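Owing to the predicted nature of the structure, the values given are computational and were not obtained by experimental measurement. In what follows, chains are A, B, ... by sequence order, proteins preceding strands, each numbered from 1.
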Amino acid sequence: MRTSDAATVATGVRLRPVPGADRHACQDSRYPALAGPWVAACGQDGTVDRVISLVDQQEFPLPVAHASPALGGGVVYVPGMGGGAWLLTPAGPVAMANVASSARAPAAPAATDGQHFALLGEAALEAWARSDATRRYWATSARGYQAPALAWPWVAWVADGPAGGQVWVVDVREADARPVSAPAVDARHPAGAGTRLWWVEDGALVSYDASTGARDVVDAGPTGFSAPLSAWADVVCWEERGAAGVDLRCSDGLRVDGVGDQQWPSRYDRWLLFREDGRTRLAELPLPEVPAP
Amino acid sequence: MTTGLRLLPGLVCGLAVGGLAVALDGTAAPAGAPGFAAALTATAQAGAAALLWLWLCLRCGSAALRALAPTLGEGALAWLHALVVGLLVWGLLGLGIAALGALGPVGMAVVGGLMLAAGTQGARPALPTLHPAWWLLLGLMLLPGLVHGLAPPLETDELYTHLALPAAMLREEGLLGGVLHPQGSRPLALHLPYAFLLATGGEAAPRLFHLLIAGAVLLATGQIGERIGGPRGAVLAPLLLAGSYSFIAESGLAGNDLPTALAVLAALDAGLRGSPAGLAMAAGAALSLKYTAAGPLVGVYLVAAMPWSRRVGAGLAALLLVSPWWLRNAVEGLHPLFPFLGWSAPDGLRFQYLEKYGAGRSAIDFLLLPWNATMTARIESFRFLGKISPALLFLAPPALAAAVGSARRGDWQAARIWIVALLGCLSWALGPHWLRYLLPSLPVLAVALAVGARFQGALLGAGAALLLGLPQSWAPLAVRVGDRAAVAFGGESRDTFLERKLDSWQTIRWANAHLPADAKVALFFEWSEYLLERPAVLGSVEDHVPSRAWLLEHGDDSLRDLQALGVTHVLRTRTRFLDKLYPFVTPAELQRSFNGPVEQLDRLLLEQATLEYQGGRTAIWRLGPLTAAQDAAAP
């Protein structure tokens with residue numbers, strides 16, 4: 001196993017550890033991860049049970065612990081009876097009232113962008129807005145493990161396909177979903193932000209504008225082999241296999257590479273949370289310069 | 001009119017009324033649970049298969065005894081010898097059809113037909129005549145085993161060998177073995193019959209068959225105990241077994257220790273009665289079932305009531321009966337005793353660390369072994385991994401005194417049994433100190449100790465020790481039974497049960513639902529091969545030996561070499577070998593031979609494979625496409 005302290009980033013990008021994030025290992029390798037400017041981290045039993053602020057390093061316990069909660073838009077969502085949604089504020093988690101609860105057993109972590117939610121069961125996808133009293137659902141044969149992606153009103157998920165996984169997309173205003181990934185490839189790890197969706201097809205990173213149906217292949221090395229994609233605004237981050245191990249890249253140019261393996265990207269705003277040889281670290285882009293008056 | 005015919009109408013009416021009650025039952029089963037009727041149907045199928053094959057063993061074995069050892073075919077223990085010989089014949093016939101790649105419905109029907117045809121030449125061996133209360137007590141003693149046998153399997157030995165291997169042989173309709181299937185290179189005298197039982201009766205059939213074998217061990221122990229200990233011995237000897245957790249916990253599982261114990265008892269009886277052919281067949285069966293029978297068998301040969309020339313001949317004949325398994329390994333280019341010997345990993349690979357089990361292996365520890373094994377054993381730790389009744393230890397002095405006293409009076413029977421028991425215990429002491437490994441000798445030991453019941457005080461004391469020691473053995477059994485009863489009787493679904501009991505089930509369930517039908521999976525550091533519904537290689541034995549051996553031998557080519565053999569996926573459970581559990585291994589060796597391969601695998605997967613699913617510590621990775629050169633070289 002390679003061991004290294006040698007992650008490298010571009011000039012101006014700051015690398016720092018995240019105190020408290022590695023106190024206990026998570027059951028689900030996709031965590032710790034970012035929920036807005038908060039790190040969702042794990043307790044002794046490996047479930048996500050607390051959040052740590054990236055701004056002032058304050059730590060708050062979550063009212064309900066879960067192995068794989070949905071994180072997004074500064075919100076933590078735990079599906080099922082006894083679950084709920086919490087908005088993360090400087091004063092701590094605040095319960096969001098009237099978020100519809102689903103009794104469906106999830107086949108993958110749920111997804112949220114703070115205002116909308118999606119839950120993938122073995123045989124159906126459910127999606128709803130915070131203000132909805134009921135949930136819409138679409139029948140599917142979920143592949144499992146891979147979370148759905150939100151680019152509201154579009155939702156993407158991975159179903160079983162002829163060559164492994166197949167990405168399907170639905171406009172929640174419509175009745176029918178449709179497959180959008182290439183037919184004879186293994187498609188995986190959908191991520192979404194704005195009106196854009198990304199996923200991986202046989203190692204290649206695909207970008208898809210849900211509003212127009214246009215798709216592009218992003219200039220990226222082989223990816224999708226381990227961690228899911230991480231998307232925020234119009235930026236997507238991914239793992240890449242390089243000659244010296246696994247590195248991280250983002251579509252806005254942020255890179256984290258080096259001798260060791262840098263894995264499990266989680267992006268929000270100017271922060272990229274990742275793990276290097278088992279330790280959680282943060283790459284922090286500089287604040288944009290404020291022009292002098 | 002015979003008794004059976006007079007009882008039949010009542011039995012039929014009772015079954016009809018009971019069956020109607022089950023069929024008309026309106027009680028809804030919990031969501032997802034199959035319900036009692038479905039569980040009863042599965043149990044009936046499994047029970048019918050187990051009884052059918054047991055009956056075929058008895059008839060076929062009886063025919064063999066008539067031809068080769070007629071004196072053993074008569075008398076109170078005729079059923080014991082018939083059953084053991086029948087099992088031996090079944091295993092050898094199974095080897096024949098499996099070697100031909102015909103382990104399917106036709107091949108099994110041929111074997112069953114041959115056993116049936118042979119059975120017409122034998123007498124019908126009579127079961128012992130016991131008071132109904134004894135049959136009831138026997139049933140109660142085996143009740144925990146029944147619940148275990150009807151619940152889904154969880155024990156590692158079933159998941160990686162005793163059910164996994166028969167299921168894999170059924171899938172291939174033939175034999176498996178070598179580095180990729182190391183457990184398939186052992187003698188399969190029991191695993192081939194288990195394959196027959198799986199195919200004809202479902203998952204519970206091998207376990208119910210094993211439960212019947214456990215009952216047979218208790219019966220035989222009582223009958224032989226009566227011979228040297230009188231009526232008291234007949235009662236006490238089986239109670240010593242039933243009062244031991246390690247015996248009862250094993251009874252409802254598909255294992256090989258209790259069938260080996262049964263064969264050892266048959267060998268003992270044959271030896272004491274001076275039947276060379278009977279001794280050869282029973283000893284051959286015992287060694288074919290498990291090599292740990294060698295210890296007590298040496299004792300049997302030492303005390304057998306026959307000239308030395310006959311003993312040597314019986315010994316050679318027994319080895320001849322085991323030799324087909326050695327020849328098979330040799331033909332396949334393996335060490336005859338593979339997988340116990342013959343691994344070719346660089347710098348060697350030790351198959352088993354004796355120091356891991358028990359309470360130490362110094363001279364003092366060996367002297368204290370009887371005390372420690374009886375008084376300080378813990379069920380869920382490597383400190384003997386089991387529990388036996390303290391009454392066994394209590395009876396040792398009076399039983400030894402009784403045996404010596406009898407010998408002085410010219411009656412050497414008890415002393416002979418003591419020699420067999422002592423050699424069995426000694427051979428166990430030289431091996432891993434795991435109480436389950438003592439089971440092949442434990443019934444003989446129980447018989448030897450039952451002689452102590454001649455002394456009234458000893459009998460009372462044994463009863464007290466047995467009763468006081470009962471909670472230590474039966475309380476854990478009660479917990480296990482309680483945990484499994486709902487799923488055993490249809491009140492909980494198999495999926496729900498496995499999800500809450502088995503860490504890797506979530507991942508295995510995903511694999512069963514989503515992997516391609518032609519996927520071939522390499523199991524690294526994971527035991528549960530039986531539950532995976534795809535062909536699998538490697539798996540785990542002892543300290544995950546196959547996984548480590550492959551990685552040590554193939555290094556950075558480990559995954560590519562598996563791919564070249566047609567493996568498409570890797571199922572890996574995250575593992576770390578802790579130094580506090582391996583204090584007998586140097587830190588350098590722990591890293592080189594244990595944790596180094598684990599880290600190497602994680603690195604190779606990250607470099608060369610694609611993560612498909614992760615549930616807890618267990619993950620499935622898909623291996624990448626072969627390079628053109630490897631594709632050309634693949635068989």
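- Only the backbone of A:Ala142 comes within less than 4.5 Å of a heavy atom in chain B; its side chain stays farther off.
- From A:Phe225, atom CZ reaches atom CD of B:Glu607 across 10.0 Å, with rounding to the nearest 0.5 Å.
- Among all heavy-atom pairs drawn from B:Leu611 and A:Arg188, the shortest one is O-NH1, 2.9 Å.
- Contact annotation for A:Glu239: neither backbone nor side-chain heavy atoms come within less than 4.5 Å of a heavy atom of chain B.
- With a 4.5 angstrom heavy-atom cutoff, B:Leu605 touches chain A only via backbone atoms.
- Checked by atom type and distance alone, the side chain of A:Arg143 never pairs as donor or acceptor with a backbone atom of B:Glu612 at under 3.5 Å.
- Of all residues in residues 497-512 of chain B, those placing a non-hydrogen atom less than 4.5 angstrom from a non-hydrogen atom of chain A are B:Trp510.
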Please walk me through it: do A:Arg241 and B:Leu606 pass side-chain contact (heavy atoms from CB on, under 4.5 Å)?
-> CA-CA 9 Å; A:Arg241 272 184 181 138; B:Leu606 196 56; 5.7 Å; no
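- Heavy-atom contacts from other residues, nucleotides or ligands closer than 6.0 Å to CZ of B:Phe489 number more than 12.
- For the set A:Ala107, A:Gly224, A:Ser29, A:Gly144, the entry with the most heavy-atom pairs within less than 4.5 Å of chain B is A:Ser29.
- Closest approach of A:Asp186 to B:Arg622, counting heavy atoms only: OD2-NH2, 2.7 Å.
- Residue A:Tyr145 comes nearest to B:Tyr613 through the heavy atom pair CB-CD1, 3.2 Å, listed as atom of the first residue, atom of the second, then distance.
- Scored by the ring pair (Phe, Tyr, Trp, His ring centres under 6.0 Å) test, B:Phe382 finds B:Tyr357 as partners (sequence neighbours excluded).
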